[in-house]
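Read the structure below first, then the notes.
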Amino acid sequence: MKLYNTLSKKKEEFVPVDEGKVKMYVCGPTVYNFIHIGNARPMIVFDTVRRYFEYKGYDVNYVSNFTDVDDKIIKRAIEEGVTSDEISKRYIAECKKDMEGMNIKPATKHPLATEEIGGMVEMISTLIEKGYAYEKNGTVYFRTRRFEDYGKLSHKNLDDLRSGERSLLVTGEDEKEDPLDFVLWKPKKEGEPSWESPWSDGRPGWHIECSEMSKKYLGEQIDIHAGGEDLIFPHHENEIAQSEAANGKEFSKYWMHNAFLNIDNKKMSKSLGNFRTVREISEQYDLQILRFFMLSAHYRSPLNFSADLMEASKSGLERIVNAADHLKFLMKNAEAENMNEEERRLFVRTDAFVADFERAMEDDFNTADAIAAVFDLVKFTNSNTDADSSKEYLGKLFELLVKLTDVLGLIVDKEEEILAEDIEKLIEERQEARKAKDFARADAIRDELLAKGIILKDTREGVQWKKA
RNA sequence: GGCGCCAUAGCCAAGUGGUAAGGCAGAGGUCUGCAACACCUUCAUCACCAGUUCAAAUCUGGUUGGCGCCUCCA
């Protein structure tokens with residue numbers, strides 16, 4: 001399996017730290033509002049990465065934090081006249097609802113920054129002892145130049161940063177030894193949440209949170225650290241500096257970053273007013289469609305969001321779900337139990353689709369190609385099954401389709417719904433009408449059912465229905 | 001100013017040296033009472049210029065046009 005490592009800027013063969021195990025950390029959202037669809041991209045992408053590792057038989061320890069102490073949370077709390085805690089708890093709950101809708105598996109552990117302060121204080125102390133950090137008036141800074149490898153992830157050198165530093169010397173930052181130094185601990189301001197520390201009552205800097213939580217739940221060295229590409233600098237660069245300086249060993253072997261999601265070819269931003277929350281999308285579309293849409297492009301390419309593209313994704317996903325529905329429908333009515341010779345021969349041909357699917361996923365999680373393999377399987381099942389197919393054959397095809405789509409987090413095995421009796425009766429009545437060639441009545445019933453959200457399909461094998 | 005990315009059909013999107021996957025939309029057809037689903041057929045020489053090579057969408061140089069990071073941001 002190959003994955004692109006931001007550290008080396010190359011695709012590398014994946015070799016786990018511990019055989020058979022994957023330890024991965026994904027930087028989670030700051031919870032000050034509903035998550036937006038940009039937040040959703042890394043969630044969906046790295047959930048899919050996780051699912052593929054699990055499909056391959058790895059034991060995955062997947063940790064993703066919630067940043068629940070932050071300026072934006074505090075600001076929101078003041079606006080609403082409630083505590084920061086109330087804001088963060090509320091939006092963590094909302095975020096989990098959205099994640100469920102997108103079929104994102106809960107992490108093995110979702111640590112909260114506010115519950116890990118003790119460990120952060122300890123890590124900062126270690127950094128001070130080792131000479132990598134210093135305190136000034138209650139604030140603790142990381143001594144950036146002291147860490148030789150600084151810049152190895154973002155491929156910047158300190159002098160380039162120097163020349164671009166222009167605005168770094170604003171407001172009170174002049175007590176730093178060097179403009180490149182960053183904050184590990186800052187004293188509280190009036191009304192802010194705070195914790196005790198040897199330096200001041202205050203709160204941790206953002207970067208140290210992830211270093212500590214990663215260490216606590218996954219250990220000093222992990223396999224994969226992931227997040228949006230905007231986190232490469234400075235967030236991940238600083239995490240590396242902190243963790244490697246404190247622990248004395250390589251932090252993460254592989255660094256994965258997803259590209260941004262734009263809206264109508266523009267970056268999402270508050271000033272443009274084009275922020276779209278996942279919740280908003282869910283009012284209009286099944287979030288499965290959003291997931292399918294996100295996976296239709298490679299995770300390292302920028303992706304554009306628009307209404308048209310969602311419509312196209314809806315049609316595309318429907319094609320896959322229709323195939324699964326049809327297989328289930330045939331299975332229900334199948335007469336023959338076991339596969340015959342012909343079916344056995346046909347089923348062997350599906351190996352090629354599985355091989356294509358895996359080849360795509362093994363090449364740095366090329367989900368667009370993997371989806372193409374799923375479409376090949378869909379066409380195969382549509383073309384090579386009918387009312388005479390055996391239960392076993394249909395079942396195996398169905399099982400395979402579910403297995404592959406499940407890696408992508410797409411649900412095609414919808415729970416069997418039971419129709420109300422009066423609806424069953426209407427469908428029967430319509431069949432009678434059709435037999436009697438009373439098509440006006442038949443169409444009237446079809447329209448009536450459509451109004452109730454039931455779509456009918458008259459297949460050669462009988463009447464199939466689904467919810468709109 | 002520094003670092004970096006991208007440009008494939010109406011739309012989306014794979015493909016990194018051997019002559020263009022897949023999906024959506026469109027057109028024609030089969031099936032069907034009709035519709036829907038499905039199936040068949042059809043729809044590109046890869047921004048532009050120059051070069052390397054027997055061979056380039058794929059490598060090199062340049063041009064044009066987009067974009068990102070360097071500051072909170074997924």
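These numbers were taken from a predicted model, which means no experiment stands behind them. The analysis underlying the following values was restricted to heavy atoms, covering all of them including side chains, and did not include hydrogens, waters or symmetry mates. Residue numbers begin at 1 in each chain, while the letters A, B, ... track the order of the sequences.
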Using the [atom1] atom on both, measure [N] against [M] and round to a whole Å.
N: B/A7; M: B/C11; atom1: P; answer: 15 Å
N: B/C6; M: B/U42; atom1: P; answer: 34 Å
N: B/A13; M: B/U71; atom1: C1'; answer: 33 Å
N: B/G15; M: B/A21; atom1: C1'; answer: 7 Å
N: B/C39; M: B/U32; atom1: C1'; answer: 13 Å
N: B/U52; M: B/U16; atom1: P; answer: 25 Å
N: B/G62; M: B/C12; atom1: C1'; answer: 30 Å
N: B/C48; M: B/A9; atom1: P; answer: 10 Å

Between [options], which nucleotide gets closest to the side-chain atoms of [X]?
X: A/S301; options: B/A14, B/G33, B/G4; answer: B/A14
X: A/W206; options: B/C73, B/C12, B/C70; answer: B/C73
X: A/D443; options: B/G33, B/A74, B/A13; answer: B/G33

Detail all sub-3.5 Å separations between protein N/O atoms and N/O atoms belonging to nucleotides 18-21 of chain B.
none

Rounded to the nearest angstrom, tell me the gap between atom [atom1] in [X] and atom [atom2] in [N].
X: A/H257; N: B/C6; atom1: NE2; atom2: C1'; result: 19 Å
X: A/K437; N: B/U32; atom1: NZ; atom2: C1'; result: 11 Å
X: A/F365; N: B/G15; atom1: CZ; atom2: C1'; result: 19 Å
X: A/N304; N: B/G68; atom1: CG; atom2: C1'; result: 14 Å
X: A/F293; N: B/C11; atom1: CZ; atom2: C1'; result: 12 Å
X: A/M268; N: B/G68; atom1: CE; atom2: P; result: 13 Å
X: A/H207; N: B/U71; atom1: NE2; atom2: C1'; result: 11 Å
X: A/K267; N: B/G66; atom1: NZ; atom2: P; result: 18 Å

Could you tell me whether [X] contacts a base, only the sugar-phosphate backbone, or nothing, with contacts defined as non-hydrogen atoms closer than 4.0 Å?
X: A/I35; answer: nothing
X: A/H36; answer: base
X: A/G38; answer: base

Residue matched to [N] through Watson-Crick or wobble contacts both under 3.5 angstrom:
N: B/C48; answer: B/G62
N: B/C3; answer: B/G68
N: B/C39; answer: B/G29
N: B/A21; answer: none
N: B/A56; answer: none

Margin query: Name the residue from A/T367, A/V49, A/N39, A/L295 that meets the side-chain contact (heavy atoms from CB on, under 4.5 Å) definition with A/I44.
Written below: A/L295

Next item on the list: Say whether A/E311 and A/Y285, considering side chains only, have a donor N or O and an acceptor N or O under 3.5 Å apart.
Entry: yes

Note to self: Under a 3.5 Å distance rule, please check whether A/E237 uses its side chain to pair with a backbone N or O of A/L153 as donor and acceptor.
What the structure shows: yes

Next item on the list: Would you mind telling me which residue lines up with the more 5' stretch of RNA chain B, A/Y299 or A/F439, judged by nearest nucleotide?
Entry: A/Y299

Check: More 5' along RNA chain B: A/A373 or A/H298, using each one's nearest nucleotide?
Finding: A/H298

Can you tell me which residue pairs pass the salt bridge (charged side-chain N to carboxylate O under 4.0 Å, His left out) test with a partner in [range], sequence neighbours excluded?
range: residues 30-42 of chain A; result: none
range: residues 363-376 of chain A; result: A/K11-A/D363, A/R300-A/D364
range: residues 101-113 of chain A; result: A/E54-A/K105

Notebook entry, point to check: Residues in side chain to side chain contact (heavy atoms under 4.5 Å, CB included) with A/A312, at least two apart?
Noted result: none

Check: Does A/E80 have any salt bridge (charged side-chain N to carboxylate O under 4.0 Å, His left out) partners at least two apart in sequence or in another chain, and if so, which?
Finding: A/R76, A/R90

Next item on the list: Kindly write out the residues that satisfy salt bridge (charged side-chain N to carboxylate O under 4.0 Å, His left out) with A/E358, not counting sequence neighbours, or none if the list is empty.
Entry: none

Note to self: When you measure from the centre of the six-membered ring of A/F347, is the NZ or CZ of A/K396 closer than 6.0 Å and no more than 45° off the axis?
What the structure shows: yes

Note to self: Across nucleotides 35-41 of chain B, 5' to 3', mark each nucleotide with B, S or - according to how protein heavy atoms within less than 4.0 Å reach it.
What the structure shows: BBSSSS-

Item checked: Sequence neighbours excluded - side-chain hydrogen bond (donor to acceptor under 3.5 Å, both in side chains) pairs with any residue from residues 313-322 of chain A -> A/N322-A/K466

Check: With centres under 5.5 Å and planes under 30° as the test, does A/F375 stack with B/G22?
Finding: no

Note to self: Would you say that more than 12 heavy atoms from the other residues, nucleotides or ligands in this model lie under 6.0 Å from the CD of A/E428, or not?
What the structure shows: no

